[in-house]
Amino acid sequence: MKSFLIWSCATCVLSIISFFCGRGYQDLRNGYKLEVLREESVSFPLGTVKRMQVMESVGLGFLDTDTSIIQLGDVTLYKARRAFQESWPVVQKLKVDGNSLAWHDGHWQYQLRIEPVEKESVKEQAPAKEQQPEPGAAK
């Protein structure tokens, strides 16, 4: 009976250890990690524009570079990972002018105009059916 308890406890401990080792291995292979390095918010007529510099990696993330992101609310407008051992693309000089955004990333210069979409009324959305004259009706 004593050896049965020892084997049962050893089996449980080994199962728990192997479970956590497997979870750690899976996290190293496929785990998503996001660390915000710098964040800047700019006021914009249609919401808040955020410029972020983040470390984004999937898996071990060995020799990953930082990523520049520009977001308007929950919408990502621009996302670029910096080239290995290079200083570009990194979002610089983000400027707001009315409904326009302008920035450069060390390689390209961007200008983006954002305008809200006007919602159509219900009558304009569904085209009216053309009325066919009924048979026998006067023309």
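We count residues from 1, following the sequence as given.
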Would a single hydrophobic cluster contain both [Y] and [X], if residues Ile, Leu, Val, Met, Phe, Trp and Tyr are joined by side-chain heavy-atom contacts under 4.5 Å?
| X | Y | result |
| --- | --- | --- |
| V91 | V49 | yes |
| L72 | Y110 | yes |
| L101 | V75 | yes |
| M55 | V58 | no |
| L14 | W7 | no |

Out of curiosity, [X] [atom1] to [Y] [atom2], how far, rounded to the nearest 0.5 Å?
| X | Y | atom1 | atom2 | value |
| --- | --- | --- | --- | --- |
| S87 | H107 | OG | NE2 | 11.0 Å |
| E40 | R51 | CD | CZ | 4.5 Å |
| F20 | D27 | CZ | CG | 13.0 Å |
| L37 | M52 | CG | CE | 11.0 Å |
| T67 | E35 | OG1 | CD | 11.5 Å |
| M1 | I6 | CE | CD1 | 11.5 Å |

Do other residues, nucleotides or ligands put more than 12 heavy atoms under 6.0 Å from the [atom1] atom of [X]?
| X | atom1 | value |
| --- | --- | --- |
| Q111 | CD | no |
| Y32 | OH | yes |
| N30 | CG | yes |
| K95 | NZ | no |

Between E115 and R113, is there a side-chain N and carboxylate O pair less than 4.0 Å apart? yes
Are any non-hydrogen side-chain atoms of [X] and [Y] less than 4.5 angstrom apart?
| X | Y | result |
| --- | --- | --- |
| H104 | K93 | yes |
| L46 | P116 | yes |
| V42 | T48 | no |
| L77 | I114 | yes |
| Q53 | V90 | yes |
| R81 | D64 | yes |

- Query: Nearest heavy-atom pair of V96 and P45: which atoms, and what distance?
  - Reply: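 Shortest heavy-atom separation between V96 and P45 comes out as CG1-CD, 4.4 Å.
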Heavy-atom pair with the smallest gap, counting every atom of A80 and P89
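Scanning both residues, the minimum pair turns out to be CB-CG, 3.7 Å.
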Under 3.5 Å: donor-acceptor pair, side chain of R82, backbone of E86: yes
Whether D105 side chain and W108 backbone form a donor-acceptor pair below 3.5 Å: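 Yes.
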Inset, instruction - Give the ring-plane orientation class for Y78 versus W103, where under 30° counts as parallel, over 60° as perpendicular and anything between as tilted. - result: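 Geometry flag for W103 against Y78: perpendicular rings.
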